[in-house]
Structures are given as C-alpha cells and as structure tokens.
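Step one of this worksheet: look at the structure below.
Each chain gets a letter, A, B and so on, in the order the sequences are listed, and its residues count up from 1.
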Amino acid sequence: MEPLYEPHGVEERWQRTWEDEGLYGAEPDTSRPRFVVAHPPPNVTGPLHFGHALQLALADCLVRWHRMRGFNTVFLTGYDHAGISTQNAVEKHLASQGQNRHDLGRARFEEVVWDWLRLYGRTIMTQFRRTGASMDYRRERFTMDDAYVRAVYRFFVHLYRKGWIYRANRIINWCPFHETSLSDLELVHEEVDDALTYVRYPFADVPSDGVTIATARVPTIVADVAVAVHPDDERWRDAIGRHVLVPYVERAVPVIADERVDPEFGTGALKVTPGHDPLDFEIGRDHGLPEPTAIGPDGRMSEAADGLAGLTQDEAETAILDWLREHGQLEKRESYRHAIALCERCSSRIEPLISLQWWCAMAGIKQPALEALRARRVAYHPESQHRFAIESLESAPDWCISRQLWWGHRLPLWECPDGHVTVEETTPSACAECGSTELTQSDDVLDTWFSSALWPFAILGWPEETDELRAWYPGTLNTTAREIIRLWENRMIFSGLELLGEIPFETVIIHTTVLATDGRRMSKSLGTGIDPVEVIDEHGADATRYGLLKVSSTQDSRFSYGAIEEGRKLANKLWNASRLLLQAGEAPVEERPKTLEERWILARLSQAQRGLESDLASFDFAHAVDTLYHLTFDDFCDWYLESIKPRLYARDGDAIATGYAALERLLELLHPVMPHVTEEIWGHLPARRGRLIVAPWPEADESHAADADALVRVQEAAEMFRRSGVRVALEGEELRIFEAVVRPGSAAGDGNAAAEIERLHKEIARAEGMLANERFVQNAPADVVEAERGKLERYRRELDALDG
RNA sequence: GGGCGGUUAGCUCAGUUGGGAGAGCACCAGCUCGACAAGCUGGGGGUCACUGGUUCGAGCCCAGUACCGCCCACCA
C-alpha cells in the first residue's frame with residue numbers, strides 16, 4: 001500500500017468488479033423486506049450535472065446501507081426519451097449540416113434520431129457508474145422500449161375509456177420553431193426591453209371621443225373583439241356598453257366590464273384578444289366573445305387582416321403603426337421592460353394560440369393522490385415540500401398531453417375519413433364507429449411526462465404481472481429536485497394509484513439545488529457551471545460523494561471544493577490508518593479489548609453507529625458525514641491508534657486483532673458514503689473473503705454501547721486535558737493514553753494553565769451569578785438549577801487541581 | 001405578485017425540547033515520533049443581519065424590517 005491514496009484506478013477497478021460479479025444486481029425476493037429505488041431517468045442526450053451527482057450520492061448511500069442491512073435492495077435505472085429535448089438536440093445537429101427536419105420528412109427524421117442516439121446518446125450511464133452508483137444496470141430501461149410503449153398505450157386507453165381524456169380548443173403555448181404546444185412548465189421567462197403602445201379606439205357613434213388602451217402586442221390588434229375595463233373604474237364607467245372601432249380593421253366591438261382588468265396598468269383599459277392571450281381568452285369565454293386569430297402556427301400573420309397575411313409580426317407592427325399615425329390614433333409609445341415566455345429548449349418566443357389539443361382531466365384522477373398525501377401515506381421531505389406538493393396538486397389544471405413533435409410516443413388514436421376517433425392499444429383494423437378501414441393514426445405525440453408518470457412500474461414490466469412487479473412494487477424511495485414535484489412526482493403518485501391501487505413509493509426526498517460556489521445558479525450561460533465528471537476525475541468519486549452530502553443540508557447549497565477536499569483527506573486518512581495496522585503484523589480480525597482505549601473505541605463505534613443510523617433514517621446526510629469524519633479522525637486515528645501504537649510496535653497480538661476488528665467496523669460504517677476506498681482496504685484485511693458491498697451491517701453491540709464507564713472516563717479526561725493543557729488530575733490508563741497522544745516535549749505539555757485558570761474564574765463567576773439570582777432559582781426547572789450547581793462544583797474542583 | 005430557504009469566525013457551514021457560541025479550511029505557535037506534512041497538539045479570531053416582544057434566561061420562540069437566493073406566476 002502506497003503512502004498516498006490514489007483513487008484513480010482503484011475506483012474504476014471496483015466499479016467494474018462489483019458489476020461483473022453481479023453485486024449491483026438484484027433478484028425479486030419477497031422473503032425479505034424490500035428497498036427499491038427507481039431512479040429518475042436522465043435525458044438520453046443530457047450530460048451529467050450536479051443535480052444528478054447529488055441525487056445519485058443520496059440515493060446510493062441509502063441503497064448501499066440497506067443492501068448491507070439485508071434488504072432485498074434494487075436500484076433501478078434507465079433513460080427518458082425526453083421528446084422535445086432530444087428532438088431539439090437532433091435538430092441542432094441537423095442545422096449544423098445545413099438541414100432541417102422538413103428536408104428529411106417525419107419517417108426519415110425518426111430514423112436519424114435513433115441513429116443519433118446510438119452514436120451520441122446513452123453516455124450518461126457511464127457517468128452514473130463513475131459516481132459509484134450501485135444500480136442494477138442489467139435492468140436498464142428506456143421509455144421508448146417496446147414493452148414501455150405498451151404500458152404508455154395501456155395508460156392512455158385506460159384514461160380515455162374512463163372519459164378523462166378529451167379534445168378541446170383552448171389557448172395554449174405554441175413554439176413556432178418546434179411547431180408544437182408546450183405546457184406552462186416547459187417555458188422560461190426572460191426580461192426584455194419592449195415598447196408599450198397607447199392607442200385610441202374611437203367610439204363607433206362619436207369618433208372624436210374614445211377609449212385609449214396600452215398594449216405590448218400591436219400586431220394582435222386586428223384580432224381584438226372587445227375593450228375591457230374594471231367595473232369600478234370611474235374613468236371608464238360611461239364607456240361600458242358602448243362600442244369602439246378596432247383600429248386598422250375598423251370593426252365595432254363592445255366595451256365590457258371585467259374584474260380581472262387591473263385599473264393600475266396603463267390607462268386601465270384592456271384590449272381583448274382571446275386568440276392570442278391567456279387572460280383575454282378567459283375573459284372572452286366568460287363574455288361569449290368570438291375568438292379570431294391573427295397569427296398562424298409559423299408565427300407570421302395569418303389571413304385575418306387584409307393586407308397583412310404572410311407578413312412577419314414586425315412588418316405587421318410597422319404597417320399598423322403607420323395606419324395609427326395617419327389616423328391620429330397613436331397617442332404615445334414608451335419603453336417597457338417586462339418578462340416574456342420563451343421555449344426552454346430553443347428560446348423561441350412563445351405564441352399563445354388557440355389550438356385543438358388532447359387533455360387529461362385532473363378532477364377525478366387527483367383525488368386519491370390528494371387523500372394519500374394528506375394522510376402522509378406518501379411523505380415528502382422536508383416537510384415544507386410536502387405542503388407544496390399538496391397545494392400544487394390541488395390547483396393542478398387539466399393537463400395538455402398532446403404535442404406536435406416528431407419524436408415521442410404517437411397517440412394510440414386513429415381517425416377515419418368521417419372523423420370518428422378509435423382508441424386502441426394496438427393498431428385497429430377498422431373504425432370502431434363506422435367500420436371504415438381507412439384509418440390514420442394521429443400525428444401528435446404525448447407529453448414526455450405522460451410516459452415518465454409510469455416509470456416506477458413500467459420498468460418492472462407492468463402491465464404484465466411480472467415477478468419484479470410483485471416483489472418491487474410499490475417501491476420505497478424517490479429523490480428529485482423541487483421543480484420536478486409537479487411535473488413528475490405527483491403524476492407518478494396519481495397514476496400508480498389509478499393503475500395499481502398503490503403509491504409507487506413511501507418517501508420523496510426533495511434534495512437541495514447545488515449552486516455555484518458564489519451562490520448563483522449553475523448555468524452554462526452564466527459561466528458558473530462545474531462539470532462533476534471533472535471533479536470526480538480530480539478528487540475521486542468517494543470525495544465527491546462526501547462533499548456533496550456534506551453541503552446538502554439547506555434548500556439551496558453552494559458547491560464547495562473545501563468539502564470535496566475534506567472528503568479526500570478522509571479517504572487518505574483512512575488509508576494510512578489501515579497501513580499502520582496492516583504493517584503491525586498478522587492477527588485475526590477479532591475483538592480482544594484489554595485496555596481502556598480499546599473498550600472506549602469499541603463503545604465509541606457503537607455510539608457513533610447509532611447516531612449515523614439515526615441521521616440516515618431521517619435523511620440528514622450532512623450530519624451523517626460529519627459523524628463519520630470526526631469518528632475517523634478524532635476518535636479512531638488521533639486517540640485510539642495513537643494510544644495503542646506502542647503495543648502495535650511491540651507486535652502485541654491482542655492489540656492488532658482488536659485493531660483489525662475496530663477498523664472493520666469503521667469501514668462498514670463508511671462504506672455507504674465512500675464505497676471505493678473502504679472496499680479497497682477491506683480487501684487487505686487478513687482472512688477477508690467476500691466483498692464489503694454485501695457485508696452485513698454491524699449489529700450495534702449493546703455491551704459496547706453500554707460501556708459507559710469507558711466513554712465517560714476518556715471523554716472527561718479529554719475535556720480536562722484540552723481545557724487545561726496539563727496532565728494534572730490524570731493518572732493510570734488515562735495518563736498513559738494522553739502521553740501517547742501528546743508527545744512529551746510538544747508545546748501543549750505544560751501550556752496554558754494560566755489562561756485556563758482565568759477562564760475558570762469567569763465561569764465560576766457566571767455560575768455563581770446565576771445561582772445568586774433568586775428569580776432563576778425560583779423559576780427555572782429544578783434539574784436546570786441542579787445542573788448549574790454541578791457545573792459550579794466541577795469548575796471549583798478543576799480550579800483547585802490547577803492551582804495545586 | 002405568490003411560495004420556500006438563507007443571513008453565526010476571514011471563507012464554507014453546524015448549532016437537535018430556550019440554559020456554558022462550534023466544525024472544516026485559512027492564520028499563528030510548538031511537535032519534526034518507525035501510517036499519513038494531504039500529519040499531531042494547542043492558540044487567536046464572532047454586537048449570532050437589524051428592531052421590538054415573550055422569558056429568570058433568546059443564535060434558537062413571536063412580530064416586524066433589510067438584504068441575498070431558489071422555485072412558481074396570465075399585469076396587457
């Protein structure tokens with residue numbers, strides 16, 4: 001063993017070995033309690049980021065812990081086809097070759113996507129392995145696998161037959177580049193400098209007077225169907241019920257009253273364009289207004305207005321502004337900064353358009369999920385996210401499930417020439433309504449989250465009744481980021497309840513967002529991104545896991561090289577502690593405690609183990625790694641190993657055997673966080689067969705834990721020593737331990753007695769003050785007062801010892 | 001605009017039911033001993049963001065303010 005632990009090579013070797021030996025693999029086994037994690041499938045084209053790395057560290061830590069504890073443990077993985085994301089990646093690739101998808105046609109485009117995936121996709125699973133994630137990679141699934149597609153179709157048909165899937169014309173978000181509808185959750189908002197234009201709409205009967213509105217969307221004027229004002233707005237009270245002329249098209253439209261108009265904005269009068277604005281759409285429907293459109297799916301002006309058809313919106317704006325100036329109806333333009341919606345994939349400006357889409361009604365399907373959440377039959381951690389999950393499900397609007405993309409699951413829906421719709425899991429031979437055999441499958445594909453919603457059971461073979469489904473559904477745990485709760489978590493919960501009658505997992509851990517070191521979001525465009533693979537290359541996966549778990553305590557945590565470095569130091573320390581023991585000589589791995597420090601370290605290991613178990617059980621990873629760090633450095637290395645050193649050099653068989661036994665338990669406790677270095681050292685222990693990854697988790701030995709005498713003696717002596725820096729009041733075994741830890745001649749030997757005496761005087765004065773305060777003695781609980789008396793007594797004793 | 005989180009040492013962060021302000025890094029001093037100088041021992045360093053309140057007692061509980069951040073949102 002080299003003096004410097006080098007994770008490179010060691011880690012890759014164990015990753016290969018564990019997988020080759022089948023130790024990552026699991027088989028359905030209903031005789032043992034299960035621990036099942038269906039990991040969120042990454043996009044097939046995406047690179048590993050710190051969200052993944054943290055998620056893997058958290059989940060793998062718990063997975064390895066439960067595997068050691070004897071649970072039937074499986075960590076499942078696979079890929080998401082990620083419709084729009086993948087299509088966008090391939091379209092960019094095509095663009096770099098001067099092509100677009102229309103040049104290829106749909107069938108050829110799909111082939112190109114598959115080819116492209118074979119070449120560039122799926123590299124992320126290699127990166128998953130690099131983190132040490134002990135996933136059953138043999139069971140890797142893809143949401144476009146044939147079996148998975150069957151599950152998706154079963155789900156669709158199920159919902160359709162319950163009447164929960166319907167088609168409706170509504171305003172939706174339209175991406176003019178991808179030419180598809182998008183959900184609100186697929187948009188990003190960006191502030192832009194725009195112009196706010198004030199336009200006078202003359203009254204139809206008295207054109208010299210009118211209503212002035214303010215708009216940021218001049219081209220949509222030609223599709224206006226009303227002007228709306230707030231019913232309580234004195235300024236416009238007399239206008240309500242009259243008609244105004246829409247500029248350019250000179251169409252008479254009513255002035256209506258609606259409470260959704262904000263009197264504070266602009267002039268307090270709103271032009272109503274149901275075809276191109278979500279709020280206007282709502283107002284229009286409530287007032288029974290028509291819904292003309294002026295902008296087409298390509299983002300250009302449609303034929304709605306004479307002379308504008310085919311123009312870009314900018315061209316149309318210029319034409320309309322010219323018209324307004326000529327007619328004296330352009331009152332002013334002012335600069336205006338506001339947020340607009342962009343496609344999160346291609347950054348095109350989103351057009352709100354009315355469009356015929358397929359929807360999933362939420363009212364029925366969400367009720368059992370809400371009940372389950374309220375009853376905490378599934379629990380989000382931390383608690384605040386549980387509340388958020390319930391609230392977002394309560395307010396979930398109907399789900400637009402159709403997309404006009406070319407990459408995804410085609411809707412299992414066929415139309416005949418008469419427009420009858422037939423919905424089947426497999427291609428039907430004839431129209432269910434009229435028997436026509438001229439059937440055409442819908443061109444639409446499903447929202448990618450529609451298939452993601454089935455992940456925890458579709459990857460187990462549902463709707464087939466497989467052994468895996470029986471053994472591993474429902475699962476145990478899911479981990480994800482906050483923003484995914486609505487997109488995925490809640491949808492898995494309601495679809496699992498609907499299709500299998502069970503929630504897919506007991507617990508959802510909402511992990512922190514890993515921010516850049518300066519506290520800003522990690523992003524390529526900000527230049528704040530850090531590549532986790534590079535960090536692993538440089539510091540090792542064990543150190544990276546350690547560092548990520550260490551900073552994972554609050555809602556948003558900054559990435560910290562310091563925390564990674566700490567993990568590296570821990571691995572190196574453990575490595576060298578093992579070298580010390582292994583160089584001492586041959587002995588069995590056996591507890592033969594003969595001295596105070598040996599009884600103490602065994603008791604400390606049990607004590608720390610309990611703390612660790614409690615931390616892991618409550619998902620408090622930051623405390624878990626802190627416990628492990630101090631156990632290893634302070635207790636195991638600095639106190640225990642230093643104090644047995646003389647006996648190690650003397651080749652004391654009992655000391656060596658006990659040392660191995662203690663090290664073995666330390667390795668077991670560390671394995672879930674730092675799997676590679678612990679497995680490597682484990683292999684060097686004498687007579688060690690088998691692998692640490694599947695070694696049984698140690699029993700928290702009651703006799704060790706109960707060795708209160710050893711714990712108290714060492715701890716009190718340590719405190720005494722650390723406070724005073726002198727060996728007064730130490731004798732016997734305690735004195736021997738501290739002479740081993742603190743070499744004679746080091747500065748600490750006779751150090752700061754004077755400073756300590758001063759400190760004790762201050763403490764005594766404080767305690768005496770408290771006890772002299774009658775209100776404290778009367779009002780504070782008796783045990784608190786008693787404790788204070790005890791402290792005072794101890795300080796006086798320590799002071800006496802020092803003064804003597 | 002709404003929801004959530006944060007503000008404690010130079011930096012990154014702990015602080016469990018209210019009762020002696022902590023860790024790691026950095027810095028300083030000593031140790032240089034046959035695991036590790038990526039080591040050991042010790043030390044200096046804090047108006048716990050601010051203002052009120054509750055309490056014998058507040059980093060912790062309550063109310064408010066300021067600043068930072070994340071997520072969400074149809075102010076045209």
Worksheet item: What does A/Asp638 touch in the nucleic acid at a heavy-atom separation under 4.0 angstrom: a base, only the sugar-phosphate, or nothing?
Response: sugar-phosphate
Discussion item. Categorize A/Val272 for me: base, sugar-phosphate, or nothing, with a 4.0 angstrom heavy-atom threshold over every strand shown.
Written reply: nothing
Worksheet item: In Watson-Crick or G-U wobble terms, both distances under 3.5 Å, what is the partner of B/G24?
Response: B/C11
Item to complete: Just call it for A/Gln583: base, sugar-phosphate, or nothing, with non-hydrogen atoms closer than 4.0 Å on any strand.
Response: sugar-phosphate
Worksheet item: Is A/Lys550 paired with A/Asp626 through a side-chain N to carboxylate O contact shorter than 4.0 Å?
Response: yes
Worksheet item: Using centres under 5.5 Å plus planes under 30 degrees as the test, is A/Phe265 stacked with B/A76?
Response: no
Item to complete: In plain terms, say whether A/Arg651 and A/Glu586 are close enough for a salt bridge, that is, a side-chain N and a carboxylate O under 4.0 Å apart.
Response: no
Worksheet item: Can you tell me how far P of B/G69 sits from CZ of A/Arg558, to the nearest Å?
Response: 10 Å
Discussion item. Over all strands shown, is A/Arg486 touching base, sugar-phosphate only, or nothing at heavy-atom distances under 4.0 angstrom?
Written reply: sugar-phosphate
Worksheet item: Does a side-chain N or O from A/Arg387 land closer than 4.0 Å to OP1 or OP2 of B/G3, or not?
Response: no
Fill in: Atom pair distance, as rounded to whole Å: CG in A/Leu187 and P in B/A73
8 Å
Discussion item. Looking at B/A35, I'd like to know if its phosphate oxygens (OP1 or OP2) sit under 4.0 Å from a side-chain N or O belonging to A/Tyr649.
Written reply: yes
Worksheet item: Paired with B/C61: which nucleotide, if any, by Watson-Crick or G-U wobble criteria at under 3.5 Å for both distances?
Response: B/G53
Response to the item:
Of the candidates B/C72, B/G15, B/A35, the side chain of A/Cys637 sits closest to B/A35
Worksheet item: Can you tell which of B/C74, B/A38, B/C4 lies closest to the side chain of A/Asn572?
Response: B/A38
Worksheet item: Between A/Tyr336 and B/A76, does any side-chain N or O lie under 4.0 Å from OP1 or OP2?
Response: yes
Worksheet entry | Distance, P atom - from B/A9 to B/C48, rounded to whole angstrom | 10 Å
Discussion item. Students often get this wrong, so: under 4.0 angstrom with heavy atoms, is A/Asn773 touching a base, only sugar-phosphate, or nothing?
Written reply: sugar-phosphate
Worksheet item: Is there a donor-acceptor pair under 3.5 Å between the side chain of A/Trp575 and the backbone N or O of A/Glu2?
Response: yes
Worksheet item: Rounding to the closest angstrom, what is the interatomic distance between B/C60 and B/G52 at atom P?
Response: 14 Å
Item to complete: Would you check if A/Trp639 and A/Glu597 make a side-chain contact, meaning some heavy-atom pair closer than 4.5 Å?
Response: no
Worksheet, complete the sentence: Between A/Arg579 and A/Met770, whichever has its closest RNA chain B nucleotide further toward 5' is A/Met770
Worksheet item: Would you say the base of B/A38 and the side-chain of A/Lys573 have a donor-acceptor pair closer than 3.5 Å?
Response: no
Practice prompt. Nearest-nucleotide wise, let me know which of A/Ser578 and A/Glu566 is further upstream toward the 5' end of RNA chain B.
Written response: A/Glu566
Worksheet entry | Spacing of A/Asp224 atom CG relative to B/A76 atom P, expressed in whole Å | 16 Å
Worksheet item: Paired with B/A29: which nucleotide, if any, by Watson-Crick or G-U wobble criteria at under 3.5 Å for both distances?
Response: B/U41
Discussion item. Measuring from the side chain of A/Phe776 (C-beta onward, heavy atoms only), which nucleotide among B/A35, B/C56, B/G15 has the closest atom?
Written reply: B/C56
Discussion item. Looking at A/Ala228, is its backbone amide N or carbonyl O close enough to the side chain of A/Asp258 to form a donor-acceptor pair, meaning the two atoms are under 3.5 Å apart?
Written reply: no
Worksheet, complete the sentence: Whole-Å distance, A/Arg521 CZ to B/G69 P, equals 12 Å
Worksheet item: Does A/Arg260 come within less than 4.0 Å of A/Asp286, counting only side-chain N to carboxylate O?
Response: yes
Fill in: Nearest-Å distance once atom C1' is located in both B/G45 and B/G22
13 Å
Worksheet item: Rounded to whole angstrom units, what separation is found between the CD1 atom of A/Ile283 and the P atom of B/C75?
Response: 13 Å
Worksheet item: OP1 or OP2 of B/C56 less than 4.0 angstrom from a side-chain nitrogen or oxygen of A/Asn779, does that happen here?
Response: yes
Worksheet entry | Base partner of B/C67, which must satisfy Watson-Crick or wobble distances under 3.5 Å | B/G6
Practice prompt. Determine the contact category for A/Pro781: base if any of its heavy atoms lies under 4.0 Å from a base atom, sugar-phosphate if only primed atoms, P, OP1 or OP2 are that close, otherwise nothing.
Written response: base
Fill in: Same-atom distance (C1') from B/C61 to B/U17, integer angstrom
12 Å
Discussion item. What is the separation between atom NZ on A/Lys569 and atom C1' on B/A37, rounded to the nearest whole Å?
Written reply: 11 Å
Item to complete: Report the nucleotide, chosen from B/C36, B/C70, B/G19, that has the shortest atom-to-atom distance to any side-chain atom of A/Val784.
Response: B/G19
Worksheet item: For the side chain of A/Ser384, counting heavy atoms from C-beta on, which of B/G5, B/C71, B/C70 is nearest?
Response: B/G5
Worksheet item: Given the P atoms of B/U7 and B/C50, what is the spacing between them in whole Å?
Response: 13 Å
Discussion item. Rounded to whole Å, please give me the gap between CG in A/Leu342 and P in B/C74.
Written reply: 14 Å
Response to the item:
Which of A/Arg200, A/Lys332, A/Glu331 passes side chain to side chain donor-acceptor pair (under 3.5 Å) with A/Thr212? It is A/Glu331
Discussion item. Under a 3.5 Å cut-off for both contacts, is B/C75 paired Watson-Crick or G-U wobble with anything, and if yes, with which nucleotide?
Written reply: none
Worksheet item: So does A/Lys550 get a side-chain nitrogen or oxygen closer than 4.0 Å to the phosphate oxygens (OP1/OP2) of B/A23?
Response: no
Discussion item. Tell me the interatomic distance from A/Gln778, atom CD, to B/G57, atom P, rounded to whole angstroms.
Written reply: 13 Å
Worksheet item: What does A/Leu4 touch in the nucleic acid at a heavy-atom separation under 4.0 angstrom: a base, only the sugar-phosphate, or nothing?
Response: base
Item to complete: Rounded to whole angstrom, note down the C1' distance from B/G18 over to B/G42.
Response: 33 Å
Discussion item. If you only use heavy atoms from C-beta on, which nucleotide in B/C75, B/A14, B/C56 is closest to the side chain of A/Asp262?
Written reply: B/C75
Practice prompt. May I ask you to say what A/Phe559 touches in the nucleic acid, namely base, sugar-phosphate or nothing, with a heavy-atom cut-off under 4.0 Å?
Written response: nothing
Discussion item. On the six-membered ring of A/Trp449, is A/Arg486 placed so that its NZ or CZ lies under 6.0 angstrom from the centre and within 45° of the ring axis?
Written reply: no
Practice prompt. Determine the interatomic distance between P on B/U16 and the same-named atom on B/A49; round to the nearest Å.
Written response: 14 Å
Worksheet item: Rounding to the closest angstrom, what is the interatomic distance between B/G5 and B/G15 at atom P?
Response: 14 Å
Worksheet item: From B/C70, B/A14, B/A35, pick the nucleotide closest to the side chain of A/Lys645?
Response: B/A35
Fill in: Side-chain H-bond candidate by donor/acceptor type, A/Tyr546 with A/Glu566, under 3.5 Å
yes
Worksheet item: Quick one: is A/His630 getting a side-chain N or O under 4.0 Å of the B/A23 phosphate, OP1 or OP2?
Response: no
Item to complete: May I ask you to check whether A/Tyr198 and A/Glu334 show a side-chain donor-acceptor distance below 3.5 Å?
Response: yes
Discussion item. So, under a plain 3.5 Å distance rule, would you say the side chain of A/Glu264 forms a donor-acceptor pair with the base of B/A76?
Written reply: no
